[in-house]
Number of protein chains: 2
Amino acid sequence: MNEHRTQRTARIKDVARIAGVSTATVSRTLSNPDIVSEGTRRAVLEAIEETGYSVNLSAQNLRRQRTGGILALAPNLANPFFSEILSGISDVLRGAGLNLIVGDTAIGDDARLRLVDYANRSRCDGLIVLDGSLDPEVFMRSQCPPVVQVCEWIQGLAAPKVLADNERGAGLAVDHLVGLGHERIGRLAGPEKNTLTQARDSGFGRALGRHGLVPDVVYRGDFSLASGQRAAEQLLGARNRPTAIFCDNDEMACGMMGALRRAGLQVPEDLSIVGFDDIELSRHLTPALTTVRQPRKALGTRAARTLLQQLDGVDVPNETRVPVSLEVRESTAPPAR
Amino acid sequence: MNEHRTQRTARIKDVARIAGVSTATVSRTLSNPDIVSEGTRRAVLEAIEETGYSVNLSAQNLRRQRTGGILALAPNLANPFFSEILSGISDVLRGAGLNLIVGDTAIGDDARLRLVDYANRSRCDGLIVLDGSLDPEVFMRSQCPPVVQVCEWIQGLAAPKVLADNERGAGLAVDHLVGLGHERIGRLAGPEKNTLTQARDSGFGRALGRHGLVPDVVYRGDFSLASGQRAAEQLLGARNRPTAIFCDNDEMACGMMGALRRAGLQVPEDLSIVGFDDIELSRHLTPALTTVRQPRKALGTRAARTLLQQLDGVDVPNETRVPVSLEVRESTAPPAR
DNA sequence: TTGTAGGCGTTATCAC
DNA sequence: GTGATAACGCCTACAA
């Protein structure tokens with residue numbers, strides 16, 4: 001209870017002195033309590049309590065040759081889609097005593113250069129990559145710690161992936177729309193080179209094919225609300241509209257729906273819309289959005305667990321598929337006669 | 001170019017040996033290039049290039065008595081409101097060579113205990129707190145590094161705050177509604193003990209007072225879409241409805257609006273709604289939401305800069321107010337006659 | 001301008 | 001069971 005003037009935070013030495021043992025014993029008490037005797041342990045714990053000691057992580061990390069941190073690389077921190085995945089990652093890492101360090105890859109030109117610094121054993125013990133547009137080479141150098149990819153993935157990077165079942169999701173959307181009677185089904189897709197978009201494109205095409213149909217118009221967006229709005233404007237200007245649109249995420253669907261309704265078009269009466277992700281908002285829209293549900297938190301936790309296994313030297317599957325499901329709400333209906 | 005079998009990553013010693021200098025010189029070349037001679041510098045940089053050396057941060061941190069990380073504590077990573085602030089923080093920290101470590105405070109019962117471990121100099125060089133519901137004591141212990149609070153703040157914690165001008169925001173909303181002719185203005189507020197809600201409550205009441213009015217009904221929510229929906233249900237069941245509602249954030253406003261419209265009520269014809277935050281979504285809703293704009297990214301960057309100044313020993317203002325503005329859109333109109 | 005050397009705080013190895 | 005002690009990799013007086 002006595003206040004020292006110099007509030008220097010306690011070191012392991014201080015604890016050792018007060019407990020009347022060596023620093024080695026203090027260290028053991030903390031990391032391997034079973035091998036110290038009952039009495040010593042108690043003395044040490046008391047001294048720790050008294051001094052308010054907590055281990056210096058920089059020193060511990062140096063000694064243990066690790067950093068205690070996992071770096072998550074996301075294209076856009078501000079996007080709720082990614083932040084919920086991060087939340088899942090965070091949960092798992094905390095349990096493992098690891099810090100979650102986040103890196104926003106959506107920055108200036110120097111971002112790619114910097115990445116080399118970050119993908120380094122001295123910076124982090126592992127990487128979780130949520131951005132499929134990054135250069136694979138960075139992650140293939142020997143200094144780079146283990147990597148896991150989530151949601152999106154990088155062409156040519158062999159690191160394990162944790163993915164939603166995108167093909168199946170697209171299939172569910174198509175089956176639903178065709179079941180309602182739609183035959184002219186368009187698409188609001190993500191960027192052409194995005195692996196996730198490609199997977200859904202392929203699922204979309206195949207599912208249509210099973211029903212003897214072919215894709216109608218395809219618009220390109222960038223997953224933003226604004227790009228949904230832009231696609232709606234294109235759609236409104238077109239002569240021959242599809243009766244339904246399958247969007248690559250809920251935000252674009254939402255942006256599109258807003259613009260369409262503002263222009264006087266009725267959803268779903270004039271046009272059915274299906275989204276992807278099932279962000280929380282979707283059920284609160286009017287009309288509530290029919291969408292393919294993607295368990296984002298689960299994607300995050302799975303990714304983090306996969307990475308931890310890798311760090312433990314356990315073999316992990318090259319690809320983990322997380323199931324998706326269709327949430328049918330109000331934005332889809334049979335096409336107008 | 002020669003591949004070693006053991007891909008041991010290069011140390012400062014290796015660089016020194018190859019460059020034919022001492023490790024001290026290598027270190028100086030990196031941290032203070034001006035004090036080494038032109039030729040030596042070039043030799044060292046070449047050796048660094050050749051070995052692919054990058055400094056070991058654990059060692060550097062230990063030596064420098066720092067951690068290289070700033071911990072941001074947010075109540076809910078999955079909430080886009082916070083994630084955009086984090087994005088601003090991330091930008092600034094990266095520029096300063098600091099890692100952004102994120103901690104989700106919305107976790108199990110043990111969270112509060114753990115906090116003590118995290119608010120520690122050996123864990124991070126500084127803290128940015130986005131959660132006003134935390135225990136102030138944790139941040140007042142001597143082991144705790146400098147703290148900055150953003151958006152919300154903790155009663156009894158003296159750490160500098162970076163805040164939106166909540167009182168004024170509420171005032172803008174009220175002035176707008178009163179200007180439209182509303183006299184019975186209700187409120188969908190956040191939790192009673194939330195400091196941010198309190199500030200807006202007070203701004204709300206004062207602004208009404210200036211117009212000779214008093215607050216109408218007050219609903220309590222928790223900033224979630226779902227709680228907006230619940231408030232709408234209460235509202236729908238009430239006899240004597242206000243003609244306008246001022247909500248503490250856009251998500252509650254959105255949840256409320258969705259539920260009202262689903263029940264057949266027209267916004268803004270039957271009820272005007274004003275939100276707070278101006279999240280990206282708000283302009284895409286139908287009707288587009290009138291809301292108080294809060295520059296979230298700026299809040300993040302200001303907070304981060306304030307913290308960096310504190311770390312540099314610069315005096316910082318106890319409170320920084322970031323201006324807000326009213327975005328008038330479609331969800332507000334004169335009250336029905 | 002450059003080199004030498006001690007120490008940052010911890011843990012693992014080796015004795016006892 | 002416990003205690004010395006030698007690293008972990010880097011930086012910075014101090015000396016040259």
Side-chain angles (χ1 to χ4, degrees), chain A residues 6 8-45 47-48 51-69 97 117 120-125 143 145, chain B residues 6 8-45 47-48 51-69 97 117 120-125 143 145:
Chain A
T6 60
R8 207 181 62 103
T9 101
R11 311 272 172 263
I12 199 171
K13 261 188 182 171
D14 305 318
V15 177
R17 188 173 18 81
I18 291 177
V21 299
S22 73
T23 60
T25 299
V26 177
S27 177
R28 281 190 286 254
T29 305
L30 253 26
S31 56
N32 207 350
D34 299 336
I35 65 169
V36 314
S37 77
E38 169 77 28
T40 317
R41 195 189 321 153
R42 213 170 12 229
V44 169
L45 292 177
I48 287 177
T51 54
Y53 169 78
S54 78
V55 61
N56 179 311
L57 289 182
S58 299
Q60 189 181 63
N61 288 336
L62 173 59
R63 180 58 230 233
R64 290 193 168 156
Q65 301 280 66
R66 44 164 255 167
T67 72
D117 297 340
N120 191 299
R121 287 207 138 73
S122 118
R123 276 242 158 205
C124 59
D125 299 332
Q143 310 96 316
Chain B
T6 61
R8 207 182 62 104
T9 100
R11 310 272 171 265
I12 199 172
K13 259 190 184 168
D14 305 317
V15 176
R17 187 171 20 79
I18 291 178
V21 298
S22 75
T23 61
T25 299
V26 177
S27 178
R28 281 191 284 254
T29 305
L30 253 27
S31 57
N32 207 351
D34 299 335
I35 65 169
V36 314
S37 75
E38 169 76 28
T40 317
R41 195 189 321 153
R42 213 169 13 226
V44 170
L45 292 177
I48 287 178
T51 54
Y53 169 78
S54 78
V55 60
N56 179 311
L57 288 183
S58 299
Q60 190 181 63
N61 288 335
L62 173 58
R63 177 59 230 244
R64 290 190 169 159
Q65 300 280 67
R66 44 164 257 168
T67 72
D117 297 340
N120 191 299
R121 286 206 138 72
S122 117
R123 276 243 159 203
C124 57
D125 299 332
Q143 310 96 317

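The figures that follow rest on heavy atoms only: side chains count, while hydrogens, waters and symmetry mates do not. To find a chain, count down the sequence lines: A is the first, B the second, and so on, and within it residues start at 1.
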Exercise for the section: Calculate, to the nearest 0.5 Å, the distance between atoms OG1 and CD1 belonging to A:Thr29 and A:Ile48 respectively. Expected result: 6.5 Å
Practice task
Considering non-hydrogen atoms only, spot the tightest contact between B:Asp14 and B:Arg11 and give its length.
Solution key: OD2-N, 2.7 Å
Practice task
Can you see which heavy atom on B:Arg66 is nearest to which on B:Gly97, and at what distance?
Solution key: NH2-O, 4.3 Å
Handout entry: DNA chain C: 5'-most and 3'-most nucleotides touching chain A, 4.0 angstrom heavy-atom criterion
Key = C:dG9 to C:dT13
Problem - Heavy-atom pair with the smallest gap, counting every atom of B:Gly52 and A:Gln143 - result: O-NE2, 3.8 Å
Handout entry: Spacing between B:Asn56 atom CG and D:dA7 atom P, to the nearest angstrom
Key = 17 Å
Problem - Length of the line joining A:Arg66:CZ and D:dG9:P, which is rounded to integer Å - result: 16 Å
Problem - Between C1' of D:dC8 and CZ of A:Arg121, the distance in whole Å - result: 16 Å
Problem - Nearest-Å distance for atom pair CG/C1', residues B:Asn61 and D:dC10 - result: 10 Å
Handout entry: Whole-Å gap separating P (D:dT2) and CZ (A:Arg17)
Key = 20 Å
Completion exercise
Taking for B:Gln65 and for B:Arg41 the nucleotide of DNA chain C with the nearest heavy atom, the one nearer the 5' end belongs to B:Arg41
Exercise for the section: Indicate the atoms forming the closest heavy-atom contact of A:Val36 with A:Thr25, along with that distance. Expected result: CG1-O, 4.4 Å
Handout entry: Distance-minimising heavy-atom pair for A:Thr23 and A:Ile12
Key = O-CD1, 3.6 Å
Exercise for the section: Go through the side-chain N and O atoms of A:Thr67 and A:Asp125 and say whether any donor and acceptor fall under 3.5 Å apart. Expected result: yes
What N/O pairs connect the protein and nucleotides 3-6 of chain D at under 3.5 Å? Give each pair on its own line.
unit_1	atom_1	unit_2	atom_2	d
D:dG3	OP2	A:Ser22	N	3.0
D:dG3	OP2	A:Ser22	OG	3.2
D:dG3	OP2	A:Thr25	OG1	2.6
D:dG3	N7	A:Arg28	NH2	2.8
D:dG3	O6	A:Arg28	NH1	3.2

Exercise for the section: Quickly work out the A:Ile35 CD1 to D:dG1 P distance and round it to whole Å. Expected result: 9 Å
Exercise for the section: With heavy atoms under 4.0 Å as the rule, sort B:Ile12 into base, sugar-phosphate or nothing. Expected result: sugar-phosphate
Completion exercise
A:Gln60 CD to D:dA7 C1', in whole Å, measures 16 Å
Exercise for the section: Over all heavy atoms of both residues, which pair between A:Ala19 and A:Ala43 is shortest? Give the atoms and the distance, please. Expected result: CB-O, 3.8 Å
Practice task
Please list all pairs passing the side chain to side chain donor-acceptor pair (under 3.5 Å) test where one or both residues lie in residues 51-60 of chain B, with sequence neighbours left out.
Solution key: A:Asn120-B:Ser54
